[in-house]
A.B. asks: 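This is the structure, below, for whatever I ask next.
Chain letters run A, B, ... following the sequence lines, proteins first and then strands; every chain starts at 1.
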4 protein chains.
Amino acid sequence: MSGEIAPESPKRTQGRPRSDEAHDAVINATIALLTHAGYPGLSIERIAATAGVGKRTIYRWWPTKGALVAEAYTQLISDRHPDPDTGSVQRDLHVMMRRLFRAGLHPQAGAVLRSMMVEAQRDPRFATEFQTFIADRRRVLSKVLQRGIDRGELGADTKLDVAVDALFGPFWYRLLSPHAPLSDTFAQDVVDQLLSGIGVSSTP
Amino acid sequence: MSGEIAPESPKRTQGRPRSDEAHDAVINATIALLTHAGYPGLSIERIAATAGVGKRTIYRWWPTKGALVAEAYTQLISDRHPDPDTGSVQRDLHVMMRRLFRAGLHPQAGAVLRSMMVEAQRDPRFATEFQTFIADRRRVLSKVLQRGIDRGELGADTKLDVAVDALFGPFWYRLLSPHAPLSDTFAQDVVDQLLSGIGVSSTP
Amino acid sequence: MSGEIAPESPKRTQGRPRSDEAHDAVINATIALLTHAGYPGLSIERIAATAGVGKRTIYRWWPTKGALVAEAYTQLISDRHPDPDTGSVQRDLHVMMRRLFRAGLHPQAGAVLRSMMVEAQRDPRFATEFQTFIADRRRVLSKVLQRGIDRGELGADTKLDVAVDALFGPFWYRLLSPHAPLSDTFAQDVVDQLLSGIGVSSTP
Amino acid sequence: MSGEIAPESPKRTQGRPRSDEAHDAVINATIALLTHAGYPGLSIERIAATAGVGKRTIYRWWPTKGALVAEAYTQLISDRHPDPDTGSVQRDLHVMMRRLFRAGLHPQAGAVLRSMMVEAQRDPRFATEFQTFIADRRRVLSKVLQRGIDRGELGADTKLDVAVDALFGPFWYRLLSPHAPLSDTFAQDVVDQLLSGIGVSSTP
DNA sequence: AATTAATCGAGACGGTACGTCTGGTCTTAGA
DNA sequence: TCTAAGACCAGACGTACCGTCTCGATTAATT
């Protein structure tokens with residue numbers, strides 16, 4: 001997901017080491033441009049100019065524009081929130097979804113997430129990277145749900161994949177289409193509705 | 001959403017009338033390019049060349065690349081399926097979602113839908129157009145759900161907006177992120193899960 | 001040189017007659033655009049829009065943009081000054097050259113003359129028309145010079161063509177290249193210099 | 001007049017240096033297109049395609065189409081003929097004018113000169129550049145004439161500017177208007193006529 | 001201290017596409 | 001049959017980015 005060089009990279013040494021200043025300038029310029037100029041105002045050319053960095057330097061470290069944006073995201077959402085585990089599925093999901101929806105509302109983080117999804121449609125190389133990101137998130141949610149099943153809070157026949165889609169789906173839908181806001185209330189409603197269902201005879 | 005001229009347009013005539021040949025050639029070229037070259041291979045330049053049409057003609061009738069793609073979609077999904085109304089919410093929703101998911105699977109129609117969502121992120125003008133498209137679809141679904149409530153099939157306290165998001169959300173999520181396919185089974189699972197809920201003691 | 005229809009055109013009648021309003025509007029628009037926007041601002045499109053006339057109407061009556069400009073010129077210099085014939089070559093030439101140079105200075109007429117020369121370089125059809133215009137002017141000047149030879153004012157071995165070029169050449173040169181103005185003084189200097197020569201032992 | 005970089009340019013380097021290959025390819029393509037397709041067939045688009053060069057590269061180095069054509073001219077007339085100085089004004093002028101007229105006859109060089117004059121009428125930016133070109137040429141001729149005055153070959157009251165116009169004027173006139181060819185004979189006639197005058201009692 | 005090698009900024013390169021403008025043709029309704 | 005309006009195909013305009021490619025200069029670690 002990131003352009004970081006592994007600490008134990010095989011061929012180290014010799015030559016000028018990577019400049020952290022340049023790295024940070026690029027990431028910050030990316031975030032700044034996404035914020036002020038939006039996704040259409042995001043081009044490598046402009047990032048390079050804004051960061052005061054050569055284009056070559058960007059291409060050297062980030063294979064795709066998506067990779068760049070993805071790293072900007074991890075910088076923004078730096079504290080990778082741990083799995084909550086409050087003992088109640090509903091509470092766990094409330095916390096996670098609220099946290100997620102707030103990220104979507106965050107002006108920078110939201111723009112970055114949108115950009116990644118858009119970039120994934122266009123760039124097959126990034127699409128692959130992006131799928132690992134998506135899979136990561138799904139895995140965390142699946143674990144929480146599985147715990148709910150194990151504890152008997154959720155039906156044993158619950159289809160995990162479908163349930164995960166029922167939670168992330170509305171998030172991405174509202175993130176990309178502004179027909180309604182990503183409010184805290186909505187986050188909880190999505191969870192509650194999934195747990196209770198909307199059919200009257202759902203629990204006979 | 002479409003470039004059609006309203007039947008009782010106030011400004012009638014004067015000047016050469018719009019050429020239907022050119023119109024159709026443009027739409028067909030758009031579909032052809034989307035099919036053969038994919039969305040990245042879709043440029044006004046290429047559409048014009050393929051259709052044997054001046055670029056001016058395209059810009060005259062479609063303000064955005066998105067608007068063009070949107071009309072191509074309505075052409076592909078030409079039979080605007082009427083509201084099913086089988087007497088059962090569940091059946092109605094099954095039919096609608098299956099139909100929708102199949103459109104997403106359709107190689108051209110799926111690409112067009114994806115393109116529209118992407119274009120809406122980039123072009124604010126199209127974003128507005130796209131919202132009317134989104135709103136239309138939501139309205140249809142809302143009507144079906146409301147009927148369910150009226151018939152007592154759905155809880156009277158059902159939040160319509162949340163329910164609609166719970167149905168369209170997973171669709172767009174899987175359409176844009178290929179972590180799992182838009183199968184018929186998935187379409188039904190989404191509906192059933194929404195109706196029944198996944199919590200065991202959901203109705204205390 | 002003009003797009004006028006001969007008054008006794010053979011096949012008259014039938015159909016809507018030519019609109020003089022349209023004709024005049026086109027010519028006036030041409031002059032107006034040349035004045036306010038200069039030669040680069042002169043396009044059939046803009047003339048049609050300014051005149052409130054269909055492009056077709058222009059193309060119907062004037063085969064080339066040059067023909068249009070040429071007719072605008074004859075409208076501006078409507079009083080085709082007659083050959084002066086004062087009895088003295090020098091006086092005749094002074095009068096003619098001063099008149100010509102003033103036309104070049106006239107903001108509209110100068111622009112039109114420049115436009116014609118430019119158009120003649122680009123449009124072979126107009127180049128032919130333009131040559132008859134050039135030939136006309138040369139003929140008038142030749143006649144005056146020939147009279148001078150006949151009267152013994154000019155050398156019998158004077159090469160008429162060369163002399164005509166020596167008079168018109170500097171005019172066009174300064175008309176097209178603004179290195180110095182087309183002043184009355186210059187008009188007379190050109191004539192006097194041609195008559196006297198600049199070599200000291202020219203008349204031994 | 002040229003795109004050359006001054007030898008002792010103050011801003012030395014930084015960034016990839018200008019490609020001479022690209023430069024030459026552009027100039028050669030310009031000449032080729034002028035030759036084969038004429039001035040109307042000369043577009044930046046086509047030059048770029050013919051030269052195998054990006055349009056940006058052309059716009060980077062030549063502000064105007066005229067500037068490009070101007071440099072093509074200096075390449076064609078590469079040996080900037082030195083001031084002849086034979087000891088006789090007449091002989092000097094004969095040499096210079098013959099040389100100039102032959103350039104006008106040269107199929108490419110003539111087209112280029114014509115193109116420059118046309119471009120100067122249309123593009124004010126190039127008009128300025130072109131005036132320095134014109135001024136350069138005038139200066140050379142002035143020097144020759146001044147030498148003639150100093151040596152007593154020409155009248156002390158000779159108006160240099162008028163004399164220069166009397167030499168260049170007929171050249172440009174015949175270059176732009178094909179009423180008569182730019183022959184060697186004509187070149188000499190223009191000079192001789194200027195020196196001797198055509199009036200019999202011109203020196204009373 | 002000198003050498004070596006990878007970095008940095010700057011920016012030119014060949015390209016593709018953008019959205020606008022014009023040229024010249026064509027097609028209507030109305031005079 | 002002409003006119004005004006304006007759509008049509010074609011293609012050039014000048015700009016913005018793309019991803020690649022040189023440069024000279026900088027900065028360690030290795031000689």
Side-chain angles (χ1 to χ4, degrees), chain A residues 11-19 21-23 25 41-49 51-61 63-65, chain B residues 11-19 21-23 25 40-49 51-61 63-65, chain C residues 11 13-19 21-22 25 42-49 51-61 63-65, chain D residues 11-19 21-23 25 42-49 51-61 63 65:
Chain A
K11 276 275 181 65
R12 277 307 291 120
T13 60
Q14 201 138 78
R16 176 174 176 175
R18 177 173 187 180
S19 153
E21 282 180 41
H23 174 273
L42 191 70
S43 68
I44 300 284
E45 206 106 338
R46 257 146 81 84
I47 292 172
V53 142
K55 286 203 289 174
R56 230 343 177 31
T57 304
I58 297 181
Y59 283 111
R60 195 168 359 244
W61 299 113
T64 63
K65 186 152 69 182
Chain B
K11 283 264 187 65
R12 272 312 289 124
T13 51
Q14 194 125 89
R16 177 174 176 174
R18 178 172 186 178
S19 155
E21 282 180 44
H23 174 273
L42 191 70
S43 67
I44 300 284
E45 206 105 338
R46 253 145 80 84
I47 293 172
V53 142
K55 286 205 287 175
R56 225 3 189 10
T57 303
I58 297 181
Y59 284 111
R60 197 171 355 249
W61 299 114
T64 332
K65 188 149 68 183
Chain C
K11 275 275 184 66
T13 61
Q14 197 142 80
R16 178 172 175 173
R18 177 172 185 181
S19 155
E21 283 180 40
L42 192 70
S43 68
I44 300 284
E45 206 103 342
R46 255 146 81 85
I47 292 171
V53 142
K55 286 202 290 176
R56 207 48 213 298
T57 305
I58 298 181
Y59 284 111
R60 199 174 348 254
W61 299 112
T64 63
K65 185 152 71 181
Chain D
K11 280 263 188 67
R12 274 310 292 125
T13 49
Q14 193 128 89
R16 179 175 174 172
R18 178 173 186 177
S19 154
E21 282 181 42
H23 176 272
L42 193 69
S43 65
I44 301 283
E45 205 107 339
R46 252 145 80 83
I47 293 171
V53 142
K55 286 204 288 174
R56 210 46 213 313
T57 302
I58 298 182
Y59 286 112
R60 204 180 339 259
W61 298 116
K65 187 150 70 182

A.B. asks: CD of A:Glu21 versus C1' of E:dG9: gap in Å, rounded?
C.D. replies: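 Atom CD in A:Glu21 sits about 13 Å away from atom C1' in E:dG9.
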A.B. asks: Check A:Ile47 against A:Ile58 and note the closest heavy-atom contact, atom names and distance.
C.D. replies: CG2-CD1, 3.8 Å
A.B. asks: Take the protein atom CD1 of A:Ile58 and the nucleotide atom P of F:dC21, then report the distance between them rounded to whole Å.
C.D. replies: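 About 17 Å, once rounded to whole Å.
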A.B. asks: Can you check the D:Arg60 CZ to F:dC17 P distance for me, whole Å?
C.D. replies: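 Taking CZ of D:Arg60 and P of F:dC17, I get 14 Å after rounding.
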A.B. asks: Assuming nearest nucleotide by heavy-atom distance, tell me which of B:Ala51 and C:Ala48 is located more 5' along DNA chain F.
C.D. replies: C:Ala48
A.B. asks: Ignoring hydrogens, what is the shortest heavy-atom contact between B:Gly54 and B:Ala48? Give both atom names and the distance.
C.D. replies: C-CB, 4.4 Å
A.B. asks: Let me know the distance between CD1 of D:Ile47 and P of F:dA12, rounded to the nearest Å.
C.D. replies: 11 Å
A.B. asks: At what distance, to the nearest 0.5 angstrom, does OG1 of C:Thr57 lie from CZ of C:Arg60?
C.D. replies: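 CZ of C:Arg60 is found 5.5 Å from OG1 of C:Thr57.
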A.B. asks: What's the CH2-C1' distance between A:Trp61 and E:dT7, to the nearest Å?
C.D. replies: 8 Å
A.B. asks: Should B:Trp61 and B:Arg18 count as side-chain neighbours, where that means a heavy-atom distance under 4.5 Å?
C.D. replies: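 Counting from C-beta outward, B:Trp61 and B:Arg18 do come under 4.5 Å.
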A.B. asks: I'd like a table of atom pairs between the protein and nucleotides 13-16 of chain F - only N or O on both sides, under 3.5 Å - with the distance next to each one.
C.D. replies:
from   : atom 1 : to      : atom 2 : distance (Å)
F:dC13 : OP1    : D:Ile44 : N      : 3.2
F:dC13 : OP2    : D:Ile44 : N      : 2.9
F:dC13 : OP2    : D:Glu45 : N      : 2.9
F:dG14 : OP2    : D:Tyr59 : OH     : 2.7
F:dG14 : N7     : D:Lys55 : NZ     : 2.9
F:dG14 : O6     : D:Lys55 : NZ     : 2.6

A.B. asks: Among the candidates F:dT3, E:dC13, E:dC8, find the nucleotide nearest to the side-chain atoms of A:Ala22.
C.D. replies: E:dC8
A.B. asks: Please tabulate, one pair per line, each protein N/O and nucleotide N/O from nucleotides 26-28 of chain F that are separated by under 3.5 Å, including the distance.
C.D. replies:
from   : atom 1 : to      : atom 2 : distance (Å)
F:dT26 : O2     : A:Arg16 : NH1    : 3.2

A.B. asks: Can you list everything that forms a salt bridge (Lys or Arg N to Asp or Glu O under 4.0 Å) with C:Glu45? Sequence neighbours excluded, please.
C.D. replies: C:Lys55
A.B. asks: Specify the closest pair of heavy atoms between A:Ala25 and A:Ala51, including all atoms of both residues, with the distance to one decimal.
C.D. replies: O-CB, 3.5 Å
A.B. asks: Please confirm whether the shortest side-chain N or O distance from D:Thr57 to OP1 or OP2 of E:dA12 is below 4.0 Å.
C.D. replies: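 No, because none of the side-chain N or O atoms of D:Thr57 sits under 4.0 Å from OP1 or OP2 of E:dA12.
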